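For clarity, every value in this text was computed on a predicted model and none was experimentally measured. Letters A, B, ... mirror the listed sequences (proteins, then strands); counts begin at 1.
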Amino acid sequence: MTPQNTFADSGADLELAGISKRFPGFTAIEHLDLTIPAGSFFALLGPSGCGKTTTLRLVAGLEEPTTGQILIGGRDLTNTKPFQRPVNTVFQSYALFPHMTVLDNVAFGLRRRKMADPVGKAHEALRLVELDHLAGRKPLQLSGGQQQRVALARAVVNRPALLLLDEPLGALDLKLRRQMQLELKTIQNEVGLTFVHVTHDQEEAMTMADTVAVMNRGRIEQMGAPEDLYELPKTTFVANFLGQSNLFTGEITASTPTSISIGVSGRAIVVPKDRAEIHTGVVTIGVRPEKLNLLTEEPEARTGVNVIGPGRVIDVSFSGVSTQYVVAVPAVGDIIVFAQNMDFGPVVTVGAEVWMSWSVDHGFGLADSPELVTAEAGV
Amino acid sequence: MAIAAFAGNATAVDATPRRRSWVALFLLLPGLLYLVLFFIVPLVSLIITSLESQGLDGSFAYGFVVSNYTDSVSTFATQIWRSFGFALIATVIALLFSYPLAYFIGVTARRWPLLQSFMLILVIAPFFISFLLRTLAWKTILSDNGPVVTALQGLSLMGPQGHITGEPIAVVFGLTYNFIPFMCLPLYTTLERLDLRYLEASSDLYASGWATFRKVTIPLSLPGIVSGTLLTFIPAAGDYVNASQDFLGGTSSTMIGNVIQSNFLVQQNYPAAAALSIVLMFVILVIVSVYVRRSGTEDLL
């Protein structure tokens with residue numbers, strides 16, 4: 001392994017094979033297989049404690065896996081020390097050395113690898129994050145956003161084959177966050193590194209990454225392009241963690257070669273078979289709130305359209321672009337509807353009787369049911 | 001409250017800070033009195049004594065005899081150099097010994113709080129017994145008939161006429177031993193607060209264990225190193241117990257502390273003793289301020 005003296009020409013593949021990590025008393029990761037192709041912007045998304053940061057630390061070499069292998073660019077690096085890996089991390093806490101100037105912080109990695117002209121390259125990296133004018137300051141004299149950019153420059157300047165980002169935007173306010181998200185994307189496009197980004201913010205993951213893996217309790221629930229994950233979630237966890245979902249659970253009442261239907265409070269809800277994970281027994285069918293139409297009169301039954309209702313509007317919250325309605329349907333529960341404000345203001349008020357309809361093709365069938373998931377979690 | 005203060009007359013606004021400053025002064029009074037009584041007065045009296053002249057009958061009179069300084073410094077130059085040399089060696093050995101120990105207690109043992117407190121107690125435990133008693137005990141252990149000398153002679157590592165007590169090695173050993181807790185505790189307090197994420201960041205940035213230690217751990221624990229070395233060096237340079245012939249010292253290992261002590265109490269040459277005390281204090285002040293300036297930790301003082 002000689003990451004010394006030369007920059008990586010391009011990003012490298014990262015492959016995790018059969019990784020598990022057990023700490024005394026709990027299992028952080030159980031049997032993880034993951035391949036991240038070179039040059040991609042990959043996001044590991046999950047709630048806190050799901051094992052995503054542990055995964056990152058395993059890749060960086062700061063933790064050792066209990067079992068399994070870590071391959072970077074096809075080389076097995078499982079038993080190498082962190083400083084021997086062509087990997088750099090932007091830490092959640094930034095971990096900028098308080099006793100060094102910003103410039104020395106950025107040049108640190110270059111100096112350890114005895115690269116030529118560390119100061120010039122460090123200035124270049126600081127110009128990339130627009131902080132070159134603060135090169136002589138100490139990290140504690142900078143604002144949170146500036147520290148974050150220094151941490152980014154300190155990692156990017158080394159041109160690692162793999163750049164790991166551990167919730168680096170968590171401490172920033174919304175505006176700065178947006179700005180940094182764009183900057184990160186730009187840097188990734190410019191330098192062509194492989195980025196692995198850990199976050200619990202689904203919006204951040206979806207806007208930045210080209211592939212998102214949703215992690216829950218040490219396992220990857222689902223992985224794919226953000227739009228695929230959003231439009232066709234496969235598990236209850238993904239359906240609820242990535243955006244909001246209305247879920248209906250019921251026994252299958254009818255089945256055709258292309259679709260299945262379940263009975264929910266006397267109505268049939270249909271979903272295409274190719275959008276459903278399981279085709280027998282009790283099935284959970286979901287639909288995203290923005291796919292629903294709110295109707296003030298009961299619509300005629302038509303094939304290709306699911307209808308639910310009547311229900312009563314119990315909450316209307318106006319947010320400018322759209323309005324969120326919560327509709328209580330007897331024997332079904334609360335259903336959330338997002339409606340674009342095509343006209344002025346909300347179209348119905350609290351207490352109105354409404355029906356909801358959506359195209360059968362917008363539904364999705366999950367592999368598990370909310371009841372089973374909660375029972376499993378012991379809630 | 002602030003609005004009411006602005007609305008009221010000017011005297012009312014002034015009254016608050018003034019009253020507060022009186023309270024502060026009142027609370028400071030015992031400390032100030034203590035300083036004046038036990039530091040300023042003795043210091044002035046010491047300076048006056050150091051310049052006194054001696055009459056033919058042996059009595060002392062007020063004067064301005066600068067030769068008290070030049071004479072005593074030239075007479076006892078060997079002892080002065082020896083004191084700082086011994087103190088320096090003892091400080092370096094104590095640092096080399098204490099740093100790994102403090103690192104272990106403060107960093108490695110963080111996961112086991114019980115072990116941490118147990119080891120801290122072991123570091124502090126010697127304080128439960130008088131400093132003089134412990135030094136006497138070492139005198140017995142290191143004496144010519146003691147186990148160490150007998151064992152070394154038995155192994156032919158030491159000649160039959162060899163000694164440990166009375167030799168410089170015994171004095172340096174005593175100084176090191178007695179001041180190790182003063183080195184260890186400040187080191188422990190900074191290392192205990194050392195944020196390990198900096199070490200992780202360093203190893204992530206291609207620094208090997210040794211490079212991380214040199215470039216990150218040492219600079220971040222510098223405040224502890226500086227205060228530990230000062231707390232060891234300053235009292236060690238002026239120490240007169242270890243080097244005393246009643247304890248571990250001999251004629252060839254006398255330190256400036258012993259000279260001052262014997263001038264004050266045995267020969268009763270007060271001006272010389274006072275002059276040496278002031279020289280010792282002055283040299284330590286210079287060394288400390290240069291050292292602190294160089295290591296960039298002025299805020300410690």
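- Within a 6.0 Å sphere centred on CG of B/Leu33, other residues, nucleotides and ligands contribute more than 12 heavy atoms.
- Other residues, nucleotides and ligands contribute only 12 or fewer heavy atoms inside 6.0 Å of the CD atom of A/Glu64.
- A/Phe97 places a side-chain heavy atom less than 4.5 Å from the side chain of B/Val216.
- Proximity to chain A (any heavy atom under 4.5 Å) is shown, for B/Ser202, by both the backbone and the side chain.
- Contacts of A/Leu96 with chain B are made by backbone atoms alone, with heavy-atom separations under 4.5 Å and no side-chain atom involved.
- Figure legend: A/Arg113 and B/Tyr206 shown as a cation-pi pair, the cationic atom lying under 6.0 angstrom from the six-membered ring centre and within 45 degrees of its axis.
- More than 12 heavy atoms of other residues, nucleotides or ligands lie within 6.0 Å of CZ in B/Phe84, so this atom counts as buried by the packing criterion.
- The shortest distance between side-chain heavy atoms of A/Arg154 and B/Leu205 falls below 4.5 Å.
- Counting heavy atoms of neighbouring residues, nucleotides and ligands inside a 6.0 Å radius, atom CZ of B/Phe131 exceeds 12 of them.
- Other residues, nucleotides and ligands contribute over 12 non-hydrogen atoms within 6.0 Å of the CZ atom of A/Phe26.
- Scanning all heavy atoms of the two residues, the minimum distance from A/Ala60 to B/Asp204 falls at CB-OD1, 4.1 Å.
- Of all the heavy atoms in A/Leu62 and B/Ser203, the pair that sits closest is CD2-OG, 3.9 Å.
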inquiry  = Checking A/Arg112 against B/Lys215 for the side-chain contact (heavy atoms from CB on, under 4.5 Å) test, could you report, in this order, the C-alpha distance in whole Å, the side-chain angles of both residues, the deciding distance, and whether it holds?
reply    = CA-CA 10 Å; A/Arg112 299 287 83 70; B/Lys215 297 287 175 184; 3.4 Å; yes

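- At most 12 heavy atoms of other shown residues, nucleotides or ligands fall within 6.0 angstrom of atom CZ in B/Phe97.
- Around atom CZ of B/Phe127, more than 12 heavy atoms belonging to other residues, nucleotides or ligands sit under 6.0 Å away.
- Here the closest non-hydrogen pair linking B/Arg197 and A/Ala95 is O-CB, 3.8 Å.
- Pairing each heavy atom of B/Leu220 with each of A/His99, the nearest pair is CD2-ND1, 3.4 Å.
- Heavy-atom contacts from other residues, nucleotides or ligands closer than 6.0 Å to CG of B/Leu194 number more than 12.
- Among all heavy-atom pairs drawn from A/Phe108 and B/Ala207, the shortest one is CE2-CB, 3.9 Å.
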